[in-house]
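Nothing fancy with the numbering, it's 1 onward along the sequence.
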Amino acid sequence: MDTAPDPAPVKQMETLLECSVCMETLTQPRTLSCYHLFCKHCLENYVAAHREKAVEAKAKVPEIFECPLCRTEFSVKEGENIGEKIPANHFINNLLELLNIQQQAHHVKCQSCKANAPAASRCISCEKFLCGKCLETHNNWTDFEDHVVFTLEELAKPENRAKVKGKPRCEKHDKILKFYCETCKVLVCRYCVDVNHTRPEHTWFHLTDVVVQHKEALKASSDIFEKQKNDAAESNRRIKEVMAILKNNATKARDAIKQQQQDILNAFTKKLEKETTALLDQVEIK
């Protein structure tokens, strides 16, 4: 039975993940501030072409460029490159990886042996497709007991697609990002550590240690924010109470002023009536 996913959703994803410059599936995608997506090399060629035109025209090398689709401006200074200026979009990279899995599902071969047999499953931990024999061998290894394995049918289910994504890899060396450079604030692979992030100029840590530290820091920050939220709620409650008291006092003061006004008006009216009566009596006597 064909367990591959419906090709229609795959085709729709291919359309969504297509670069508007080269009209091919995105490669190392970069997202501009307008949220339009382009291949990293397409943006690099686009910027380079505009700079070459400026040089030929003996004009100032531009640092401001327009999005090829909507003309929204973005900046790349001279000496900067797209890879450094515009970070990778990991969400789109994950979608691309899912697309690749879905595209391969109809004709994928085993990636663990030379038999080139059709794959029956994929080990999420090893990031490899396995045929039936390799899967049996894989399951017999005690070192792989905690590995997660999906059949192709299971991979086709929407709830499992997010689990297919592999570990993040270095764009320069295609190696798993295992370290975090505290100096540069970036994830790096072993090659990056050895070449571009050497100590003592750079301070880096293994990613697992950084994750633990950041979890602890995040929990501490979360506790602080929770306390601040509670304090703010309590302050807000007190402010509302004071406002209610002030409003009540204002109502009482307004009523008192109106009552005083009415009392003065009544007293004036009585006095006026008394004086008017006296004047009328004098007129009648005369």
- Task: For E73, enumerate each residue passing the salt bridge (charged side-chain N to carboxylate O under 4.0 Å, His left out) test, keeping only those at least two apart in sequence or located in another chain.
- Result: none
- Which residues share a salt bridge (charged side-chain N to carboxylate O under 4.0 Å, His left out) with D231, sequence neighbours left out: K227
- Task: Sort and list the pairs that fulfil side-chain hydrogen bond (donor to acceptor under 3.5 Å, both in side chains) and have at least one residue in residues 233-243, not counting sequence neighbours.
- Result: E234-R237, E234-R238, R237-E241
- Item | All pairs passing salt bridge (Lys or Arg N to Asp or Glu O under 4.0 Å) where residues 29-42 contributes a residue, at least two apart | R30-E171, K40-E44
- Task: Report the residues that fulfil side-chain contact (heavy atoms from CB on, under 4.5 Å) with T198, sequence neighbours left out, ordered by chain and then residue number.
- Result: E201
- Task: Output all residues satisfying side-chain contact (heavy atoms from CB on, under 4.5 Å) with P62, sequence neighbours left out; order by chain, then residue number.
- Result: R51, A54, F65
- E226: partners by salt bridge (charged side-chain N to carboxylate O under 4.0 Å, His left out), with sequence neighbours left out: K229
List the atom pairs, donor and acceptor, that lie under 3.5 Å between side-chain atoms in residues 245-260 and the rest of the protein, sequence neighbours left out.
| from | atom 1 | to | atom 2 | distance (Å) |
| --- | --- | --- | --- | --- |
| N249 | ND2 | I245 | O | 3.4 |
| T251 | OG1 | K247 | O | 2.9 |
| Q259 | NE2 | D263 | OD1 | 2.9 |

- Any salt bridge (Lys or Arg N to Asp or Glu O under 4.0 Å) pairs touching residues 187-197, not counting sequence neighbours? R190-D194
- Does the T277 side chain pair with the main chain of E273, one donor and one acceptor, at a distance under 3.5 Å? yes
- Query: With sequence neighbours left out, what residues match Y191 under ring-ring contact (aromatic ring centres under 6.0 Å, His included)?
  - Reply: H173
- Message: Over 60° means perpendicular and under 30° means parallel, so tell me whether H138 and F144 are parallel, tilted or perpendicular.
- Response: parallel
- Is the backbone of T203 close enough, under 3.5 Å, to the side chain of T183 for a donor and an acceptor to pair up by distance? yes
- Message: Which residues pass the side-chain contact (heavy atoms from CB on, under 4.5 Å) test with L207, not counting sequence neighbours?
- Response: Y180, L187, V211
- Query: Going hydrophobic residue to hydrophobic residue with side-chain gaps under 4.5 angstrom, can you get from F129 over to V148?
  - Reply: yes
- Message: For a 4.5 angstrom cut-off between non-hydrogen side-chain atoms, does F74 reach V47?
- Response: yes
- With sequence neighbours left out, write down each residue that passes side-chain contact (heavy atoms from CB on, under 4.5 Å) with K172, or none if nothing qualifies. C170, N196
